[in-house]
Amino acid sequence: MHSMTFSQFTIPSIVWASPPPTTTTIPRCKSLQRLSPVSVVASSPIAPPPSRHHVTHSMPHEKLEVFKSLESWVSENLLDFRKPIEKCWQPSEFLPDPSQGFDGFNEEVWALRQRVLGLPDEYFAMLVGNMLAEDSLPTYQTMINTWDGVRDETGSSSCPWAIWTRSWAAEENRHGDLLRTYIYLSGRVDMMMIDKTMQYTIQAGMDNGTENNPYMGFVYTSFQERATFLSHGSMARLAKEAGDPVLARICGTIAADEKRHENAYIKIVEKLLEVDPNTTMLAIANMMKKRIVMPQHLMYDGQDSNLFENYSAVSQRLGVYTTRDYAEIVEFFITRWKLEELEGLTGEARSAQDFVCKFPLTVRKLENRAKKVEPRRVKFSWIFNKEVSA
């Protein structure tokens with residue numbers, strides 16, 4: 001047994017056999033002069049992971065055949081989760097329409113700016129963070145295309161796994177476009193700082209510990225899609241309460257997409273548990289042991305080296321995405337994938353099963369401890385326009 005950090009606390013975790021690891025330390029960029037930020041009060045977040053040993057291509061070569069054998073299953077079962085493009089919503093449907101002329105467009109922009117007056121600065125900090133997560137799509141598609149056995153080998157491969165990934169990315173691409181445009185028109189944020197943060201964040205990439213291994217990768221995407229579904233759903237609720245029904249509909253529509261994508265990735269893991277329960281159970285435990293990180297966990301604005309930690313702190317306090325959500329997601333997957341009912345596992349896989357099924361109890365304890373942490377003040381360089389602040 002050894003320990004891993006989870007926020008500022010410690011969780012015991014299991015060490016699984018793997019190829020000899022190498023250590024990579026994520027460098028931090030030099031600080032730049034701050035623009036005028038707005039302070040917000042926050043409580044302890046789910047913090048980004050520490051630097052860790054990196055393992056690559058951990059899936060045994062013979063397991064490639066598992067994913068090759070599932071290509072027909074993907075065609076028949078997974079690709080149906082796509083929506084035809086002609087039936088998909090598009091960002092322009094939610095935004096002021098420039099085709100109606102100068103006056104009409106300006107009136108719609110003015111109405112948008114009036115609606116967002118009731119949204120507090122903390123909400124906009126979360127909205128920008130969610131937009132950064134959605135707009136980092138190049139990072140996520142790149143990550144998926146590092147997974148052995150399912151990557152898009154040519155960029156336009158006819159392999160069903162590759163078709164799914166491109167279709168998923170095409171649908172996800174609308175989310176960042178819509179949020180970015182709405183945020184821009186709101187006049188509530190410093191778009192120059194957001195643009196820099198976006199570039200820094202994509203440049204940094206992400207470190208989700210999937211080891212080029214699709215067993216771990218699809219566990220990660222299942223978890224992450226559910227987390228973003230919950231986060232966007234929370235943002236929809238808060239926008240409605242603050243008096244912006246259009247933004248509430250935007251966040252709710254994005255949440256619905258995330259839910260559909262979650263269902264697709266859940267189905268993949270269900271199939272893997274059916275055809276290879278031992279390897280899949282080990283992968284689930286491995287990802288729980290490492291801790292699922294949010295995709296924008298390396299976000300940086302050129303100034304704040306703790307930007308994601310501060311963002312997570314506000315998310316925790318506002319109830320957008322919390323330690324409780326993390327525990328409930330794990331509990332959901334234990335039930336959905338019927339992990340407690342798996343039988344005939346190897347000794348190593350049974351140990352993994354036991355670890356995963358007990359893991360939510362550990363997270364619940366952290367939730368109780370996090371409630372006792374005193375709120376602290378954090379700053380975001382994104383928000384500066386005091387004239388329209390709530």
Side-chain angles (χ1 to χ4, degrees), residues 26-42 45 47-48 91 95-96 109 112-113 115-140 173 175-206 228 231-232 235 238-239 242 244 247 250-251 254 293-318 320-321 376-390:
I26 300 169
R28 294 297 186 186
C29 302
K30 294 181 179 179
S31 296
L32 302 176
Q33 183 179 1
R34 281 189 186 278
L35 298 181
S36 303
V38 173
S39 298
V40 293
V41 180
L95 298 167
V109 172
L112 184 157
R113 292 194 168 199
R115 288 195 306 270
V116 302
L117 287 175
L119 297 169
D121 290 331
E122 298 105 311
Y123 182 91
F124 262 89
M126 294 298 95
L127 193 64
V128 170
N130 281 5
M131 181 274 290
L132 291 169
E134 296 291 348
D135 238 10
S136 294
L137 184 64
T139 299
Y140 315 144
N173 186 63
H175 301 172
D177 287 350
L178 176 53
L179 291 175
R180 167 178 284 272
T181 306
Y182 200 89
I183 288 169
Y184 174 81
L185 292 174
S186 76
R188 288 286 298 270
V189 297
D190 184 341
M191 288 304 299
M192 177 63 76
M193 287 304 302
I194 290 175
D195 290 341
K196 289 180 180 179
T197 303
M198 188 75 265
Q199 188 171 354
Y200 274 120
T201 301
I202 292 178
Q203 177 179 272
M206 65 184 297
T228 51
S231 176
H232 286 299
M235 294 295 284
L238 292 172
D244 190 341
L247 183 54
I250 287 172
C251 294
I254 293 173
V293 296
M294 297 296 283
Q296 73 275 40
H297 68 101
L298 297 182
M299 69 160 66
Y300 183 60
D301 62 356
Q303 301 178 5
D304 184 2
S305 60
N306 296 313
L307 182 59
F308 180 71
E309 184 175 339
N310 291 334
Y311 163 79
S312 299
V314 181
S315 179
Q316 174 82 18
R317 186 175 70 82
L318 294 185
V320 173
Y321 181 70
R376 59 188 176 85
R377 300 188 68 80
V378 298
K379 296 180 179 180
F380 294 95
S381 59
W382 307 323
I383 303 174
F384 75 107
N385 195 335
K386 301 294 184 62
E387 293 181 0
V388 295
S389 292

For Y140, the side-chain hydrogen bond (donor to acceptor under 3.5 Å, both in side chains) test, sequence neighbours excluded, returns none
Non-neighbouring partners of T197 that pass side chain to side chain contact (heavy atoms under 4.5 Å, CB included), sequence neighbours left out | L132, T201, D301, L307, W382
Could you list the residues that satisfy side-chain hydrogen bond (donor to acceptor under 3.5 Å, both in side chains) with E134, not counting sequence neighbours?
-> H175, H232
Tightest non-hydrogen contact, residues Y200 and Y300, listed as CB-O, 3.2 Å
Considering all heavy atoms, the nearest L119-A242 contact = CD2-CB, 3.3 Å
CG/N306 to NZ/K379 distance, rounded to the nearest 0.5 angstrom?
-> 13.5 Å
Qualifying residues under side chain to side chain contact (heavy atoms under 4.5 Å, CB included), relative to D135, sequence neighbours excluded | M131, D177, R180, M198
Nearest heavy-atom neighbours spanning F308 and Q296 = CD1-O, 3.6 Å
Backbone of I183 reached by a side-chain donor or acceptor of S186 within 3.5 Å | yes
Looking at S231 and N130, what are the two nearest heavy atoms and their distance?
-> OG-ND2, 3.3 Å
Pairwise distance CD1(I194) to CE(M192) - rounded to 0.5 angstrom = 11.5 Å
Quick one: pull up SG in C251 and CG in L238 and give me the separation to the nearest 0.5 Å.
-> 9.0 Å
Among L247, V314, V116, whose side-chain contact (heavy atoms from CB on, under 4.5 Å) with Y123 holds?
-> L247
In Å and rounded to the nearest 0.5 Å, what is the CG to CE distance from L127 to M235?
-> 4.5 Å
Are D121 and R188 close enough, and set up right, to give a side-chain contact (heavy atoms from CB on, under 4.5 Å), and what steps lead you there?
-> CA-CA 8 Å; D121 290 331; R188 288 286 298 270; 3.2 Å; yes
Any side-chain heavy atom of P91 within less than 4.5 Å of one from T181?
-> no
Can you tell me if S315 uses its side chain to pair, donor with acceptor, with the backbone of Y321 under 3.5 Å?
-> yes
To the nearest 0.5 Å, how far apart are CE in M206 and CE in M294?
-> 10.0 Å
Which heavy-atom pair separates V320 from M126 by the least distance, and what is that distance?
-> CG2-CG, 4.2 Å
Out of curiosity, I254 CD1 to L178 CG, how far, rounded to the nearest 0.5 Å?
-> 5.0 Å
Which atom pair, heavy atoms only, marks the closest approach of Y182 to R115?
-> OH-NH2, 3.1 Å
